[in-house]
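Structure first, then comments.
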Amino acid sequence: QVQLVESGGGLVQAGGSLRLSCAGSGRTFSGYTIAWFRQAPGKAREFVAAITWSSGSTYYADSMKGRFTISRDNAKNTVYLQMNSLKPEDTAVYYCAARPYYGGRYYLAKEYTYWGQGTQVTVSS
């Protein structure tokens, strides 16, 4: 199995930045797709970004392009989500997720097998 631990959430003013981390243990991320999802109260879980470990290919929800960047550090077995120009509507619990790579629909939450516990991001106006 892969164990995922998110960190880096917190309170930030609108227009500010945060960097979230997703650290993996149990196995390396090699051969996996790693993604970030978010969920606000009363709303469905929403795709944010994904990265295919082996190739480094990245994918973003249209609303995140230009503001959020997903990246990886092989040595630390960690995925990051850099979030800039944050807005109050970005407030949510952010989750890291992983699944073995086979292609397919990387943007669907139901495709992912392993999930972290989430980290709260709150953006004040």
Side-chain angles (χ1 to χ4, degrees):
Q1 293 187 335
V2 175
Q3 292 80 47
L4 306 174
V5 179
E6 303 100 329
S7 62
L11 176 64
V12 64
Q13 293 181 333
S17 299
L18 285 173
R19 189 178 75 162
L20 306 184
S21 298
C22 174
S25 63
R27 293 186 180 183
T28 70
F29 284 149
S30 180
Y32 284 80
T33 296
I34 313 298
W36 289 96
F37 291 81
R38 68 185 186 185
Q39 189 165 26
K43 295 185 178 180
R45 192 161 294 189
E46 178 185 24
F47 172 74
V48 176
I51 184 166
T52 298
W53 196 265
S54 296
S55 68
S57 299
T58 58
Y59 310 91
Y60 298 93
D62 287 343
S63 62
M64 316 301 171
K65 292 179 180 178
R67 296 195 301 128
F68 292 6
T69 303
I70 190 169
S71 62
R72 61 178 168 88
D73 186 322
N74 291 340
K76 296 182 179 180
N77 203 46
T78 298
V79 170
Y80 303 99
L81 183 69
Q82 179 68 45
M83 305 187 295
N84 299 325
S85 301
L86 285 164
K87 306 173 182 179
E89 48 264 47
D90 293 319
T91 295
V93 177
Y94 284 71
Y95 296 92
C96 180
R99 68 174 174 91
Y101 175 76
Y102 59 87
R105 304 176 189 271
Y106 55 85
Y107 52 87
L108 295 178
K110 67 180 182 180
E111 293 283 326
Y112 289 82
T113 304
Y114 304 105
W115 292 84
Q117 296 302 305
T119 185
Q120 177 71 48
V121 172
T122 302
V123 184
S124 62
S125 60

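Judged by distance alone, with hydrogens and angles left aside, the side-chain atoms of T119 form no donor-acceptor pair with the main-chain N or O of S7 at under 3.5 Å. Between the N77 side chain and the G24 main chain, a donor and an acceptor come within less than 3.5 Å of each other. With hydrogens and angles ignored, the 3.5 Å screen pairs a side-chain donor or acceptor of T78 with a backbone N or O of K76.
At least one side-chain heavy atom of T91 sits less than 4.5 Å from a side-chain heavy atom of Q120. Using a 4.5 Å heavy-atom cutoff, the side chains of V121 and M83 are in contact. Taking 4.5 Å as the limit, some side-chain heavy atom of V79 sits within range of a side-chain heavy atom of W53. For the pair E6/L20, no side-chain contact is recorded, criterion being any heavy-atom separation below 4.5 Å from C-beta on.
Note on I34 and Y114: same hydrophobic cluster, where clusters join Ile, Leu, Val, Met, Phe, Trp and Tyr whose side-chain heavy atoms are under 4.5 Å apart, directly or indirectly. In the hydrophobic clustering of ILVMFWY residues, with side-chain heavy atoms under 4.5 Å counting as a link, Y107 and Y60 come out apart. Hydrophobic cluster membership is shared by V48 and I70, with clusters built from Ile, Leu, Val, Met, Phe, Trp and Tyr side chains linked at under 4.5 angstrom. One hydrophobic cluster holds both Y94 and V12 under the rule that ILVMFWY side chains link at heavy-atom gaps under 4.5 Å. Follow the hydrophobic side-chain contacts under 4.5 Å out from M64 and you reach L18 in the same cluster.
One finds the CD atom of Q117 at 11.5 Å from the SG atom of C96 (value rounded to the nearest 0.5 Å). Taken from CZ in R38 to CD in E46, the straight-line distance is 4.5 Å, to the nearest 0.5 Å. Here the OG1-CG distance, from T69 to L81, works out to 8.0 Å after rounding to the nearest 0.5 Å. Considering OG1 of T58 and CZ of R72, their distance stands at 10.5 Å, rounded to 0.5 Å. From R67, atom CZ reaches atom CG of L86 across 6.5 Å, with rounding to the nearest 0.5 Å.
A salt bridge between D62 and K65 is present, with a side-chain N of the basic residue lying under 4.0 Å from a carboxylate O of the acidic one.
When every heavy atom of R99 is checked against every heavy atom of E111, the shortest pair comes out as CD-O, 3.0 Å. Shown here for A109 and W115, the closest heavy-atom pair between the two residues is O-CZ2, 3.4 Å. In terms of heavy-atom proximity, A50 sits nearest to Y106 at CB-CD1, 4.3 Å. For the residue pair L11 and S124, the shortest heavy atom distance occurs at CD1-CB, 4.4 Å. Looking at every heavy atom in both residues, S57 comes nearest to Y59 through CB-OH, 3.6 Å. Here the closest heavy-atom approach between residue A14 and residue S125 is recorded as CB-CA, 4.4 Å.
Ring centroid separation for the pair Y101 and Y32 does not come in under the 6.0 Å cut-off.
For the pair R45 and Y95, the distance from NZ or CZ to the six-membered ring centre is under 6.0 Å and the angle to the ring normal is within 45 degrees.
Relative orientation of the Y112 and F37 rings is perpendicular, given thresholds of 30° and 60° on the angle between their planes.
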side-chain hydrogen bond (donor to acceptor under 3.5 Å, both in side chains) assessment of T28 paired with S30 = CA-CA 5 Å; T28 70; S30 180; 4.7 Å; no
